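Structure first, then comments.
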Amino acid sequence: MADRWWRDAVLYQVYPRSFADSNGDGIGDLAGVTERLEYLDWLGIDGIWLNPVHPSPNVDWGYDVSDYTGVHPDLGTLDDLDRLVSEAARRGIRVVLDLVPNHTSDQHPWFRERPDFYVWSDEVPNNWESIFGGGPAWKLDEDRGRYYLHNFAAEQPDIHWWRPEVRREFERILRFWFDRGIAGFRIDVAHALIKDAELRDDPVMPGLGMRRRYSMYRPETHEILRDWHSLANGYDPPRLLLGEAYSLEVEEWASYYGDGDELDLAFAFVLTHADLDAAEMRGVVAQVEHALPADAWSCWTGSNHDVGRFASRWAKGDEALARCALVILLGLRGTPCLYYGDELALTSGEVPPDRTLDVASPSRDPGRTPMPWTSEGGWRDPWLPLTDTSRNVEDQRADPGSTLCFTRDLIAFRRRTAELGSGRYEELAAPDGTWAWRRGDGVLVAVNLGSEAVVLAEAQGSIAISTNRARDGESVSGGLELAVAEGAIVVP
């Protein structure tokens, strides 16, 4: 258990191009992340997940990899990454990389030199559809006169994971990074590696559309994850496998943990895609808790580079509701993962059509705009526009009542309170619009997401931390009063 550092950790997702720019070229880079380690250490996070840092034509901004063991020159060098890992380790912070094993860029040397590494057909064999842009997931390669599979953009050919040579090559890639001190991988579309060997049609459900049952979610993928788990556990300490197992069907999602021999963590996107609604979220967590295999551990997140920022999507810009969301993410049983800026209640940015760079529609760029370090932004001509700097690190760090300082204090309280780390989750009765639960034997977590003030009748003790900081330390006897958009943690 001691080796599974991620269970007690708070993870923090860094989108490198938008986090911190060390050389003034408008593009965030690895040296910039290293320069901001002091901030991340002060905030209290335990691990950084870096979005892809590898060489790429950037059709999908790093998720079209052209070299799995290099670093994109926009972001720095391999030496810069080694320095980041070393400096982070000195502060007790681990670095997790993004692994994109489902597809490469069509500019990867493999696509010309090792065509057997990809999925081909002499004709369009089925009804599979591309996620980016819709339409057939097959494209004719004029040079070969054959069609290749691309479940995402046409420039992202899918890898043929039935090939033993592919599996050996990726084991080499994992070892390359583990040997350099990388603490683990976030695995992109971990559910999609194996495709149906017979390339059968995905079923189309009346009124529901296509269900990707043959183009993704094949049972043979579990064998690959078991092999990787064995490889990762051969290191001391074991390396983390954090999966993007993107299923909103909870039982299917939970299957990617295996019997403790596949993923160590998997993002519970069923909560991410819920509304900020007490009844809905309470029901989702109950499903997740029931479905998780014995001794398994969920990973909770409200924002990321694909779904955007929870301060906009959940809280609609309301800072008090954003603090309630932080209480939820950091108060549940499992590992929380914050997206850069969540600690500021940062909302989505504004990206006009002439500045849009994303391949997807609708564009995900508003959730990827640069981190505002100062009231002026702290950037010079950034790669994506930074127009609203009203919530920035400099101002909030100087204000003890800010959301940033609230997040820091919440992380610190979580770290020193064993019940919030490993304690069981027990749902409690609560008024409509309110969600309350107990962690361990005595810690009460509650948020009022409704439209009226409420009283939790059974609560007593003292408020350890509240979204309304004026209530910190307040004695509670005979019930906990919560205003609208207020959350609190009560200890005996």
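Fair warning: this is a prediction, and the values are worked out from it, not measured in the lab. Throughout, residue positions are numbered sequentially from 1 according to the sequence presented. Below, all heavy atoms of this structure are taken into account, side chains as well, without hydrogens, waters or symmetry copies.
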Near [X] [atom1], under 6.0 Å, is it more than 12 heavy atoms from other residues, nucleotides or ligands?
X	atom1	answer
D179	CG	yes
D399	CG	yes
R83	CZ	no
E350	CD	no

Do [Y] and [X] meet the salt-bridge criterion of a basic N to acidic O distance under 4.0 Å?
X	Y	answer
R180	D82	yes
E419	R333	no
E165	R172	no
E249	R212	no
D8	R414	no
E343	R408	no
D295	R7	yes
D409	R469	yes

Quick one: which of Q156, H103, H305 gives a side-chain hydrogen bond (donor to acceptor under 3.5 Å, both in side chains) with Y63? H305
Is there side-chain contact between [X] and [Y], with at least one heavy-atom pair below 4.5 Å?
X	Y	answer
P382	D21	no
V285	W435	yes
L276	I328	yes
L344	T403	no
V284	V250	no
L242	L265	yes
W228	P101	yes
W110	I159	yes

Between F267 and the options Y256, W297, Y339, W49, the ring pair (Phe, Tyr, Trp, His ring centres under 6.0 Å) test singles out W49
Starting from the C-alpha separation in whole Å, work towards a yes-or-no answer on side-chain contact (heavy atoms from CB on, under 4.5 Å) for C324 and L449. CA-CA 8 Å; C324 288; L449 306 177; 3.9 Å; yes
Begin with the C-alpha distance, continue with both residues' side-chain angles, and end with the deciding distance and a verdict on side-chain contact (heavy atoms from CB on, under 4.5 Å) for S298 and L292. CA-CA 8 Å; S298 182; L292 279 171; 4.2 Å; yes
Centre-to-centre under 6.0 Å for [X] and [Y], is that the case here?
X	Y	result
F111	Y118	yes
Y217	W253	no
H54	W177	yes

Can you list the residues that meet the side chain to side chain contact (heavy atoms under 4.5 Å, CB included) rule with T347, with sequence neighbours excluded? A311, S312, R391
Just to verify, what does A360 make a side chain to side chain contact (heavy atoms under 4.5 Å, CB included) with, not counting sequence neighbours? F132, D358, R364
Once salt bridge (Lys or Arg N to Asp or Glu O under 4.0 Å) is applied, what residue pairs with a partner in residues 62-78 remain, sequence neighbours excluded? R17-D74
Give a yes or no on whether the backbone of [Y] and the side-chain of [X] come within a donor-acceptor separation of less than 3.5 Å.
X	Y	answer
N392	T389	yes
W437	G331	yes
R218	R213	yes
R415	G44	yes

Looking at every heavy atom in both [X] and [Y], which two are closest together, and how far apart are they?
X	Y	value
N51	Y15	OD1-CD1, 3.4 Å
S66	P109	O-CD, 3.5 Å
S375	E394	N-OE1, 4.1 Å
L75	D29	O-CB, 3.4 Å

What verdict does the side-chain contact (heavy atoms from CB on, under 4.5 Å) test give for L43 and Y12, after you've listed the backbone C-alpha separation in whole Å, the side-chain angles of each residue and the deciding distance to 0.1 Å? CA-CA 10 Å; L43 182 59; Y12 187 93; 3.8 Å; yes
Taking side chain to side chain contact (heavy atoms under 4.5 Å, CB included) as the criterion, tell me which of V327, L420, L271 meets it with L332. L271
How are the rings of F185 and F178 set to each other: parallel, tilted or perpendicular (split at 30° and 60°)? tilted
Aromatic ring pairing F19/Y340, orientation class (parallel under 30°, perpendicular over 60°, tilted between): perpendicular
Those residues that, when tested against E171, pass side chain to side chain donor-acceptor pair (under 3.5 Å) (two or more places apart): none
Given side-chain contact (heavy atoms from CB on, under 4.5 Å), test R313 with V307 step by step and report yes or no. CA-CA 9 Å; R313 198 184 67 258; V307 302; 3.8 Å; yes
Between D80 and T77, is the side chain to side chain donor-acceptor pair (under 3.5 Å) condition met? List the steps. CA-CA 5 Å; D80 290 325; T77 65; 3.2 Å; yes
Salt bridge (charged side-chain N to carboxylate O under 4.0 Å, His left out), that's the test. Do D158 and K195 meet it? Break it down for me. CA-CA 9 Å; D158 278 47; K195 281 70 179 176; 2.9 Å; yes
By salt bridge (charged side-chain N to carboxylate O under 4.0 Å, His left out), R186 pairs with (sequence neighbours left out) D98, D188, E244
Using a 6.0 Å distance limit plus a 45 degree cone around the ring axis, check whether [X] lies over the aromatic ring of [Y].
X	Y	answer
R36	W373	yes
R168	F170	no
R323	F406	yes

List the steps and the verdict of side chain to side chain donor-acceptor pair (under 3.5 Å) for S18 and W383. CA-CA 8 Å; S18 293; W383 75 293; 3.0 Å; yes
Using the ring pair (Phe, Tyr, Trp, His ring centres under 6.0 Å) rule, take H273 and Y246 through it: C-alpha gap first, then chi angles, then the decisive distance, then the call. CA-CA 11 Å; H273 286 283; Y246 223 120; 5.7 Å; yes
Got a list of side-chain donor-acceptor pairs under 3.5 Å for residues 86-96, not counting sequence neighbours?
{"residue": "E87", "atom": "OE1", "partner": "R90", "partner atom": "NE", "Å": "3.3"}
{"residue": "E87", "atom": "OE1", "partner": "R90", "partner atom": "NH2", "Å": "3.0"}
{"residue": "R91", "atom": "NH1", "partner": "D41", "partner atom": "OD2", "Å": "3.3"}

